[in-house]
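All remarks here apply to the structure that follows.
Chain letters run A, B, ... following the sequence lines, proteins first and then strands; every chain starts at 1.
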Amino acid sequence: MLDRKLLQRRPEVVAAALAGRGSSLRVEEFTARDERRRSLLAQVEALRKERNSISALVGEKKQKGEDASSLVDRMSGVNNSIRELSRDLEEAEAGLEAWMLQLPNIPHESVPPGRDERDNPVLHSWGTPPVFSFPPKEHWELAAGLGGLDFDRGAKLAGSRFTLYLGWAARLERALVNFFLDVQTREHGYREILPPLMVNARTMTGTGNLPKFAEDLFKIEGRDYYLIPTAEVPLTNIHADEVLDEALLPLAYTAQTPCFRSEAGSYGKDTRGLIRQHQFTKVEMVRYTHPDASFSELERMRGHAESLLQRLELPYRVVTLCAGDMGFASAKTYDLEVWLPGQDKYREISSCSNCGDFQARRANLRFKPAGGGKPEYIHTLNGSGLPVGRTLVAIMENGQREDGSVALPKALIPYMDGVEVIAGAVSL
RNA sequence: GGAGAGGUAGCGAAGCUGGCCGUAACGCGCCCGACUCGAAAUCGGGUUGUCCCGGAGACGGGGCACGUGGGUUCGAAUCCCACCCUCUCCGCCA
């Protein structure tokens, strides 16, 4: 949610930002709605003031035992007006609120302009894509020889975009989760959280997943429960409606959770393999920071994600998302793209965003400044560190050998009971 | 699911025979000051949020908020109804 004051005082700033994002919302609509709301509010408040003073007079008279019936008569007229105008005011407020919830965040000034992913500049690259003496396979082709990933039975059990992991693949999934959490908690200072996997609409609204993106979510029928599409949702809402001491900042949380996504808009995309699933495991990072620190904290958090890829010896590059390609709630986003030899291209594996105060306004996340003063909105950041399925894909494709086996990164071997190579004969 | 208790400021807690008690008693915490070489202890003072109007600003005027939403009433933290959540006991359950 954007600051109403900003929309009131500098509508041109918001208009320019919306245009840069390719949004069709028009700021003039805010102005019209807000003016109507404020005019109604002024009327209602004046009437309420009158009601309060009459009511006080009635109280005095009654206490003295005097007759107050003329005042009581006058009050019924005032009350009727209040009732009518309040109804209009409520409608105006609700309409404005609904409109505001549709507004995306404003890109930070350092965000490059652009329409879509083709306009995302590469910040830097790490590692060298491996050279193979044979045509590298995609991960699902490798899995056909190695077992471990049973796409057919996943589909039988649940449907398309569900996969059954067996043996080494299930074990590798668990190894990656443990590896990621160990690094994040021991070395990067994150506190491990195990949040609910279902949350209510209020929580989904806090992060910006509702009301606009209901289509992307799985909802429990007949109940106010939604399956989380990422741990960002519960982690960012942990302190909703709280006022934290400034001394607590920055807070850093991590959690590994299944993520559930309907993938409603992606029919036909990535239909084979693990790249795009309805359910996948992800380790997420969330940071709550002082407003002055959020952009430096974004760099730090991106470093945490990069560190994981480096330890896994996976070549990647970092791109800065252009204004037109950024997510709804983000003020600035870096994507980490890992090299996939089977696809012969870089594919997104981590997204690190600074949402500024956008989510904090929705979720009512504030801190009390150390020197005293009014509560201020916290800045929230989130990043994947890392999604487990896509990491498993990258490990398979980058570590593949001519015989169809897969050499594991050294960092994972302790987590795999010393197994160094996944081959057909491996039994885990 | 059944029975009972409760949801008030950052935290704890009073108020709940309806009207100067909601800038909300009292306690803790926090901030400023005194004492001290300094600190602790002690003493004095301060400390809700939000929205609207006016003002460059210090600030001034007003509305709202006692879990949420309704209702009764001239007037509701206080009475009534529904719902949500927490705690205790019972039942059921991994």
Without decimals, in angstroms, what is the distance between [X] [atom1] and [N] [atom2]?
X	N	atom1	atom2	result
E246(A)	G29(B)	CD	P	21 Å
D34(A)	C52(B)	CG	P	8 Å
E93(A)	G69(B)	CD	C1'	17 Å
L47(A)	C52(B)	CG	C1'	14 Å
I378(A)	G10(B)	CD1	C1'	13 Å
D241(A)	G7(B)	CG	C1'	15 Å
Q43(A)	C51(B)	CD	C1'	16 Å
K5(A)	C52(B)	NZ	P	4 Å

| Where each residue is assigned the nucleotide of RNA chain B containing its nearest heavy atom, which of K49(A) and Y377(A) is assigned the position nearer the 5′ end? |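 Closest to the 5' end, via its nearest nucleotide, is Y377(A).
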| query | Considering heavy-atom distances to RNA chain B, does R83(A) or K368(A) have its closest nucleotide positioned more toward the 5' end? | reply |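 Checking each residue's closest nucleotide, the 5'-ward one belongs to K368(A).
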Using atom [atom1] of each nucleotide, how far apart are [N] and [M] to the nearest Å?
N	M	atom1	answer
C16(B)	C11(B)	C1'	22 Å
A14(B)	C26(B)	P	15 Å
C64(B)	U78(B)	P	15 Å
G1(B)	U8(B)	C1'	31 Å
C35(B)	G44(B)	C1'	11 Å
G29(B)	G10(B)	C1'	8 Å
C87(B)	G27(B)	P	30 Å
G69(B)	C85(B)	C1'	15 Å

Inspect the contact between [Y] and [X] and indicate whether a charged nitrogen and a carboxylate oxygen are less than 4.0 angstrom apart.
X	Y	result
R287(A)	E297(A)	yes
E28(A)	R26(A)	yes
E12(A)	R10(A)	yes

Report which part of the nucleic acid [X] touches: base, sugar-phosphate, or nothing (heavy-atom distance under 4.0 Å, all strands).
X	answer
R366(A)	sugar-phosphate
R4(A)	nothing
D245(A)	nothing
K61(A)	nothing

Could you please name the partner base of [N], counting Watson-Crick and G-U wobble pairs only when both distances are under 3.5 Å?
N	answer
A24(B)	none
A94(B)	none
A56(B)	none
C74(B)	G19(B)
G38(B)	none
A5(B)	U86(B)
C43(B)	G33(B)
U48(B)	A65(B)

| Side-chain heavy-atom pair R362(A), L101(A) within 4.5 angstrom cut-off |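 Yes, close enough: below the 4.5 Å cut-off.
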| Do R48(A) and I82(A) come close enough that some side-chain heavy atom pair is under 4.5 Å? |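 In contact.
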| said: With rounding to the nearest 0.5 angstrom, report the CE to CD distance, M100(A) to E93(A). | reply: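 Here the rounded value is 11.0 Å.
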Would you check if the distance from the ring center of [X] to the ring center of [Y] is below 6.0 Å?
X	Y	value
Y288(A)	H239(A)	yes
H304(A)	Y190(A)	yes
F280(A)	F260(A)	no

| query | Looking at Y334(A), does the NZ or CZ of R302(A) lie under 6.0 angstrom from its six-membered ring centre and within 45 degrees of the ring axis? | reply |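 Yes; both conditions hold, so R302(A) lies above the ring face of Y334(A).
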Contacts under 3.5 Å, N or O only, protein and nucleotides 73-77 of chain B:
residue : atom : partner : partner atom : Å
C74(B)  : O3'  : N79(A)  : ND2          : 3.4
G75(B)  : OP1  : N79(A)  : ND2          : 3.3
G75(B)  : O4'  : S55(A)  : OG           : 3.1

| OP1 or OP2 of G63(B) sitting under 4.0 Å from any side-chain N/O of N52(A)? |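 Looking at the OP1 and OP2 atoms of G63(B), one of them is under 4.0 Å from a side-chain N or O of N52(A).
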